[in-house]
Number of protein chains: 2
Amino acid sequence: MRNQEKDYSGVSVQALWRLPYYLNYIKSLDEAKYSCISAPIIAKALNLNEVQVRKDLAAVSNSGGKPKTGYVAKELISDLEEFLGYNSVDEAILVGVGHLGKALLSYQGFENCGLNILMGFDKDEAIIGTNVCGKQILPLDKLKDLCWRMSVNVGIITVPAKEAQMICDMLVEAGIRAIWNFAPVHLHVPDYVLVQNENLAASLAVLSKNLTESLKEK
Amino acid sequence: MRNQEKDYSGVSVQALWRLPYYLNYIKSLDEAKYSCISAPIIAKALNLNEVQVRKDLAAVSNSGGKPKTGYVAKELISDLEEFLGYNSVDEAILVGVGHLGKALLSYQGFENCGLNILMGFDKDEAIIGTNVCGKQILPLDKLKDLCWRMSVNVGIITVPAKEAQMICDMLVEAGIRAIWNFAPVHLHVPDYVLVQNENLAASLAVLSKNLTESLKEK
DNA sequence: ATTAAATCGATAACAAAGTATCGATATAGA
DNA sequence: TCTATATCGATACTTTGTTATCGATTTAAT
Ligand SMILES: NC(=O)c1ccc[n+]([C@@H]2O[C@H](COP(=O)([O-])OP(=O)(O)OC[C@H]3O[C@@H](n4cnc5c(N)ncnc54)[C@H](O)[C@@H]3O)[C@@H](O)[C@H]2O)c1
Ligand SMILES: NC(=O)c1ccc[n+]([C@@H]2O[C@H](COP(=O)([O-])OP(=O)(O)OC[C@H]3O[C@@H](n4cnc5c(N)ncnc54)[C@H](O)[C@@H]3O)[C@@H](O)[C@H]2O)c1
């Protein structure tokens, strides 16, 4: 529901979620001081179990670590980036250029993660023809043709919940292979299309439930 | 890393994530036609296992279901809402009123989920004093005092990654008990403070990894 | 009234993820 | 050079989460 189910390449879904944190942490280190980094140190920094870190790293890196010293930071970084696909760019389009859509369109950080959002689509005449951070906003009727022509694989849905399934169908029709869905609904897609849900309301529910329980404890 | 670890009230973390989808789905049904709803139907609609649905519902609802007919939709809705804490409001403040922060501040949907974002904080003079959807933007030096006075429990972090830990410390100092963190970094907090990470970059990594593998398959 | 079909709840089997342990090995310091 | 220690990788174990099965129960149709 939340994540993809399958675990590709021997890496579990949950492990995959941890990888960006490893990468981020290792990158944040002072290179001179930490040319090598060990599993226990990473584990401590990220509040994880040391064995888990070792296992996760083993799954994505052949570089291997040395007893006493740990792993070579540089190699880990490049292995993680390679594994996460940060080096190969996916082309994406976004549908629904409202508050959230605009935030995503203007975010630079995705480019470092191998996602290139080419343009936005909306049904609102007022916004069609404008651009957000240099990215054009186009009408929906251009969607299919452009996706085919530019071989876009990823579609981002930031329209209101009740429009989401319709837009989803349109994206599938346009040859999209993966959908990043921010609308709080379950989408129906053919088998060959991936859906990654980013359900902030669900996330919030988890937070508030835990908060309630945590406050109760005292 | 991604979620809270503990499973309160006999509901696993993963189950908790599914609950909002159940709620959403059941609410979307035509009341007249579906005054009762069965686990197999819900399972089919959300692409889940029937037994899992039954188990999840059993954990949050005492209403119980009847053979042949299923559960009473109305009761399920109210039990789910109650369990998820949608009836009791948490007060929140948000720090970092940039692209993403503005989107969150202007989103109405959180109110139905029991989250009330009172106001925003930023360090940028240009935005301080303005308001977003009726919510005031204040300078950081007002943060601590206001949080104490209004007994704010939830803090939302939407500042750049490198500022996040500092803001986090400030929130902890201000008595915040739960942090919803949108910056792609691991935050260090005392035991009694909850952190829910909303790491879009990590989410994207999962998506793009799966996409790559999925495209490879054919 | 009896029977057939659908669904429930409980239990049990299975699968996945996380953690502990242990021997092997590389390094730093005696 | 030798020894103590930190860390690795592999294996075994534990916990958590998912799925299958089965008897019991309710309803609707014969
Ligand atoms: N803003 C948030 O913080 C936030 C939080 C959680 C979830 N979400 C979800 O994200 C989605 C977008 O939220 P938002 O706050 O940006 O909403 P919004 O109303 O600001 O933007 C929606 C945009 O979609 C466009 N749109 C509507 N119907 C369309 C259609 N059929 N085709 C193309 N474009 C269409 C509208 O013109 C508008 O520009 C919603 O599903 C919402 O539930 C948003
Ligand atoms: N925009 C997105 O789509 C997106 C996606 C993924 C992650 N994020 C993360 O969310 C965070 C915010 O992203 P954004 O795109 O809104 O950035 P942004 O630059 O648009 O906004 C950041 C805001 O924080 C304020 N700020 C900076 N330092 C501050 C401080 N010390 N105290 C108070 N306010 C401060 C700035 O004035 C600005 O208003 C970042 O950590 C980013 O990595 C954003």
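The figures that follow rest on heavy atoms only: side chains count, while hydrogens, waters and symmetry mates do not. Convention: sequence-line order gives letters A, B, ...; per-chain numbering from 1.
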- Message: When you measure from the side-chain N and O atoms of A:R54 to the phosphate of D:dG9, is any distance below 4.0 Å, counting only OP1 and OP2?
- Response: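 No, because none of the side-chain N or O atoms of A:R54 sits under 4.0 Å from OP1 or OP2 of D:dG9.
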[X] has an atom [atom1]; how far is it from atom [atom2] of [N], in whole Å?
X	N	atom1	atom2	result
B:R18	D:dT16	CZ	C1'	12 Å
A:I42	D:dA6	CD1	P	18 Å
B:D56	D:dT19	CG	P	11 Å
A:I41	D:dT7	CD1	C1'	10 Å
B:N47	D:dT18	CG	C1'	15 Å
B:E50	D:dA20	CD	C1'	10 Å
A:Q14	D:dT18	CD	C1'	13 Å
A:N62	D:dC8	CG	P	16 Å

- Message: Please give me every residue in residues 24-33 of chain B whose heavy atoms get under 4.0 Å of an atom in DNA chain D, ordered by residue number.
- Response: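 Heavy-atom contacts with DNA chain D come from no residue of residues 24-33 of chain B; none.
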- Task: Only counting residues at least two apart or in another chain, list the ones meeting salt bridge (charged side-chain N to carboxylate O under 4.0 Å, His left out) with B:E91.
- Result: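 Partners of B:E91 by the salt bridge (charged side-chain N to carboxylate O under 4.0 Å, His left out) criterion come out as none, since no residue qualifies.
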- Query: Can you name the residues that form a salt bridge (charged side-chain N to carboxylate O under 4.0 Å, His left out) with A:E31, not counting sequence neighbours?
  - Reply: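 Not a single residue meets the salt bridge (charged side-chain N to carboxylate O under 4.0 Å, His left out) criterion with A:E31.
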- Message: Suppose the criterion is salt bridge (charged side-chain N to carboxylate O under 4.0 Å, His left out): which pairs have a residue in residues 154-164 of chain A, not counting sequence neighbours?
- Response: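 Listed once each, the pairs would be none.
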- Query: Which pairs with one or both residues in residues 46-56 of chain B pass salt bridge (charged side-chain N to carboxylate O under 4.0 Å, His left out), sequence neighbours excluded?
  - Reply: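 The answer is B:R18-B:D56, B:E50-B:R54.
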- Query: Partners of B:Y107 by ring-ring contact (aromatic ring centres under 6.0 Å, His included), sequence neighbours excluded?
  - Reply: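 In terms of ring-ring contact (aromatic ring centres under 6.0 Å, His included), with neighbours along the sequence ignored, B:Y107 is linked to B:F110.
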- Message: Using a strict heavy-atom distance below 4.0 Å, which residues from residues 64-77 of chain B are in contact with DNA chain C?
- Response: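 Within this stretch, B:G64, B:G65, B:K66, B:P67, B:K68, B:G70, B:Y71 sit under 4.0 Å of the strand.
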Show each protein N/O and nucleotides 11-15 of chain C N/O combination with a separation under 3.5 Å, one pair to a line.
none

- Query: Can you find a pair of side-chain heavy atoms, one from A:E198 and one from B:L200, that are under 4.5 Å apart?
  - Reply: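 Yes, their side chains come closer than 4.5 Å.
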- Query: Are side-chain heavy atoms of B:L146 and B:M119 found at a separation under 4.5 Å?
  - Reply: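 Contact flag for B:L146/B:M119 side chains = yes.
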Apply side chain to side chain donor-acceptor pair (under 3.5 Å) to [X] and list each qualifying residue two or more places apart in sequence or on a separate chain.
X	result
B:N181	B:N197
A:K144	A:E173
B:Q165	B:D169

- Task: Counting heavy atoms from C-beta on, name the nucleotide in D:dT19, C:dA20, D:dG17 closest to the side chain of B:N49.
- Result: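 My answer, after comparing the listed nucleotides, is D:dT19.
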- Query: If you check the B:S38 side chain, which of D:dT19, C:dG18, C:dT7 turns out closest?
  - Reply: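 Nearest to the side-chain atoms of B:S38, counting from C-beta on, is C:dT7.
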- Is the side chain of A:K209 donor-acceptor paired with the backbone N or O of B:F83 at a distance under 3.5 Å, no angle test?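 At least one qualifying donor-acceptor pair exists.
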- How would you label the contact of A:A39 with the nucleic acid (heavy atoms, under 4.0 Å): base, sugar-phosphate, or nothing?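 Counting heavy atoms under 4.0 Å across all strands, the contact made by A:A39 is with sugar-phosphate only.
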- Message: Both A:Q52 and B:S63 contact DNA chain C. Taking the nearest nucleotide for each, which residue is further toward the 5' end?
- Response: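 Nearer the 5' end of the strand: B:S63.
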- Item | Pairwise side chain to side chain donor-acceptor pair (under 3.5 Å) hits with a residue in residues 65-85 of chain B, at least two apart |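 Found B:K27-B:E81, B:S61-B:D79, B:S63-B:E75, B:S63-B:D79, B:E82-B:N87.
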